[in-house]
Protein chains: 2
Amino acid sequence: MGTRVRERLTGAAPGLIVELGWAGVSTRVLAERAGVTPGLVHYHFSSLQALLSEAAIGALTRLVDDLGALLEQAKSPEEAVEGMLTALSEYSGSDPMSLLVTETFLATTRDAELRGAVGEVLADFRARLAAWFAEHGVADPEATAAVLAATVDGLLLHRALLPEPEAAATVLRRLVAVRS
Amino acid sequence: MGTRVRERLTGAAPGLIVELGWAGVSTRVLAERAGVTPGLVHYHFSSLQALLSEAAIGALTRLVDDLGALLEQAKSPEEAVEGMLTALSEYSGSDPMSLLVTETFLATTRDAELRGAVGEVLADFRARLAAWFAEHGVADPEATAAVLAATVDGLLLHRALLPEPEAAATVLRRLVAVRS
DNA sequence: AAGTGCCTTGGGCACTCGTCCAAAAACGGT
DNA sequence: ACCGTTTTTGGACGAGTGCCCAAGGCACTT
């Protein structure tokens, strides 16, 4: 089954990207982690970059879907912010998911194709947030969505270095002020 | 003058980190950019990592000082947010400074010594912000500082992928609500 | 039994990497 | 002019890289 090998490789990639950095993942460590022979990497994928891109975009899409589903269940803007924060707090410490997001963002700087794909995922996330905000009477829904998405990423990034204060949620709630 | 060579190397490093990624900077391209022979890298620095760390921490410290000085001149919280945003907007597009910050943050994941040094710089920035907020009557100054610092980083990161709406500044101003 | 695909293996290719080092050069004091 | 120190040079070392490919294994049809 060739598909099994593909899945094993794309499944092993995100963890290694986080551990070693995007540029630190080599065909051989990736194959070893996936329990597969190094030669298979270039049989199933056109290049190592293509493999990493496919794996990262898959993980990002899944994350956005999860956060989106979580959003649907919230009743109020405050509850939405709260829910996203607690969901992300499970990723605390040197969270794999946030590091993967950041690594992927940086990789887009040097790969135009990847940049396009990740841009779509981010735009999709912003659009979902904005739609939900508009429905629930939050002022400036698009801008709020953009700022909130950026803040979430920034907090995840900073968290690895310095824990954020407890009151961060309180402050964040100010962002989603309901239109007066 | 040995010091001239040191400066040339640490001066060339940040640009290359942004262009090629932290892991993509090699002794030879760095030496070439600095107009220096490759062998000199390991004469003046104990390792390539040490060179990159020293250069990055220097650049970060300078950035925090600049933003801190800008903060001192602001009269109101709104003006402070405005000033920081416009200062950062000069870095628009694929801004070198924000990418350097992010690259350095990620590098801390795999270098404990660097993590400590960058953590200090970030803590210093948060402390300056918080002190200024407390003086000007912003509610929850520490938490606001943490969230704002994260948001600034996140916006810079996202900006390379997707331009943020004009109204982002309006939304950000909500963050620095004055204590009621 | 022979043939036909796809999948897998293990090694090889040309290259870059960080680091080191002997020898050459430049410098400064006498 | 000589000498000791610091700086610079250019090349070498072993290790690791992405990618490629001839050879074999395997499940299937004919």
Side-chain angles (χ1 to χ4, degrees), chain A residues 1-57 103-104 106-115 117, chain B residues 1-57 103-104 106-115 117:
Chain A
M1 287 299 164
T3 62
R4 283 248 82 92
V5 174
R6 271 189 76 98
E7 287 165 15
R8 290 176 75 93
L9 284 170
T10 52
L16 282 173
I17 292 175
V18 169
E19 288 173 39
L20 312 172
W22 189 282
V25 182
S26 71
T27 55
R28 295 180 240 267
V29 295
L30 180 56
E32 189 187 12
R33 175 73 58 98
V36 146
T37 328
L40 282 178
V41 169
H42 285 86
Y43 177 78
H44 289 284
F45 296 87
S46 62
S47 74
L48 181 61
Q49 278 306 308
L51 196 170
L52 296 180
S53 295
E54 184 177 319
I57 290 172
E103 287 283 358
T104 307
L106 280 184
T108 62
T109 303
R110 290 171 283 275
D111 184 331
E113 205 168 338
L114 180 62
R115 178 163 53 248
Chain B
M1 286 301 165
T3 62
R4 284 246 82 91
V5 173
R6 270 190 77 97
E7 286 165 16
R8 290 176 76 92
L9 285 170
T10 53
L16 283 174
I17 292 175
V18 168
E19 287 173 40
L20 312 172
W22 189 281
V25 181
S26 71
T27 55
R28 294 178 239 267
V29 296
L30 179 56
E32 188 187 12
R33 175 74 58 99
V36 147
T37 328
L40 281 178
V41 169
H42 284 85
Y43 176 77
H44 290 283
F45 295 88
S46 63
S47 75
L48 181 60
Q49 278 305 310
L51 195 170
L52 296 181
S53 295
E54 182 176 320
I57 290 172
E103 287 282 358
T104 307
L106 279 184
T108 63
T109 303
R110 290 171 282 275
D111 184 331
E113 205 167 339
L114 180 62
R115 178 163 53 248

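Numbers restart at 1 for each chain; the letters A, B, ... are given by sequence-line order, proteins then strands.
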Interatomic distance where CZ belongs to A:Arg4 and P belongs to D:dA27 [whole Å]:
17 Å

What's the shortest heavy-atom distance between A:Pro14 and A:Thr10, and which atoms?
CD-O, 3.0 Å

Whole angstrom is fine here: how far is it from CG in B:Leu40 over to P in C:dC21?
16 Å

What is the distance from CZ of A:Phe45 to C1' of C:dT8, rounded to the nearest Å?
15 Å

Please work out if B:Val25 contacts a base, only the sugar-phosphate, or nothing of the nucleic acid, heavy-atom cut-off 4.0 Å.
sugar-phosphate

Taking donor-acceptor contacts at under 3.5 Å, does the side chain of A:Arg28 reach the base of D:dG16?
no

If I compare all heavy atoms of A:Ala12 with all of A:Arg33, which pair ends up nearest, and what's the gap?
CB-CG, 3.7 Å

So, is A:His44 close to the C:dT8 phosphate, meaning a side-chain N or O under 4.0 Å from OP1 or OP2?
yes

Shortest non-hydrogen contact between B:Leu9 and B:Ala34, atoms and distance
CD2-CB, 3.8 Å

Search all heavy atoms of A:Arg115 against all heavy atoms of A:Thr109 and return the closest pair with its distance.
NH1-O, 3.7 Å

Does B:Ser26 put a side-chain nitrogen or oxygen below 4.0 Å from OP1 or OP2 of C:dT16?
no

State whether A:His42 places a side-chain N or O below 4.0 Å from either non-bridging phosphate oxygen (OP1 or OP2) of D:dC20.
no

Reading 5' to 3' and counting Watson-Crick or G-U wobble pairs with both distances under 3.5 Å, write the dot-bracket notation for DNA chain C, | for bases paired outside the strand.
.|||.||||||||||||||||||||||||.

Identify all side-chain donor-acceptor contacts of residues 47-55 of chain B below 3.5 Å with residues at least two apart in sequence or on another chain.
from    : atom 1 : to      : atom 2 : distance (Å)
B:Ser47 : OG     : B:Gln49 : N      : 3.4
B:Ser47 : OG     : B:Ala50 : N      : 3.1
B:Gln49 : OE1    : B:Trp22 : NE1    : 3.1
B:Ser53 : OG     : B:Gln49 : O      : 3.0
B:Glu54 : OE1    : B:Arg6  : NH2    : 2.8
B:Glu54 : OE2    : B:Arg6  : NH2    : 2.7

To the nearest Å, how far apart are A:Leu20 CG and C:dC17 P?
19 Å

Starting at atom CG of B:Leu9, determine the distance to atom C1' of D:dT8, rounded to an integer number of angstrom.
13 Å

Starting at the 5' end of DNA chain D and moving along, which residue's nearest nucleotide shows up first, A:Val29 or A:Pro38?
A:Val29

Could you tell me if the side chain of B:Ile57 sits less than 4.5 Å from the side chain of B:Leu114, heavy atoms only?
yes

Starting from P on C:dC7, measure out to OH on A:Tyr43 and report it in whole angstrom.
4 Å

Closest non-hydrogen contact found for B:Val36 with B:Arg8 is CG2-NE, 4.2 Å

Please give, in whole Å, the distance from D:dC19 C1' to A:Leu52 CG?
15 Å

By nearest-nucleotide position on DNA chain D, the 5'-leaning member of A:Gly24 and A:Gly39 is A:Gly24

Give a yes/no answer on whether the side chain of B:Thr37 brings an N or O atom under 4.0 Å of OP1 or OP2 in D:dT8.
no

Whole angstrom value for the distance that separates P of C:dG18 from CD of B:Glu32:
14 Å

From C:dT8, C:dT19, D:dT8, nucleotide with atom closest to B:Val5 side chain:
D:dT8

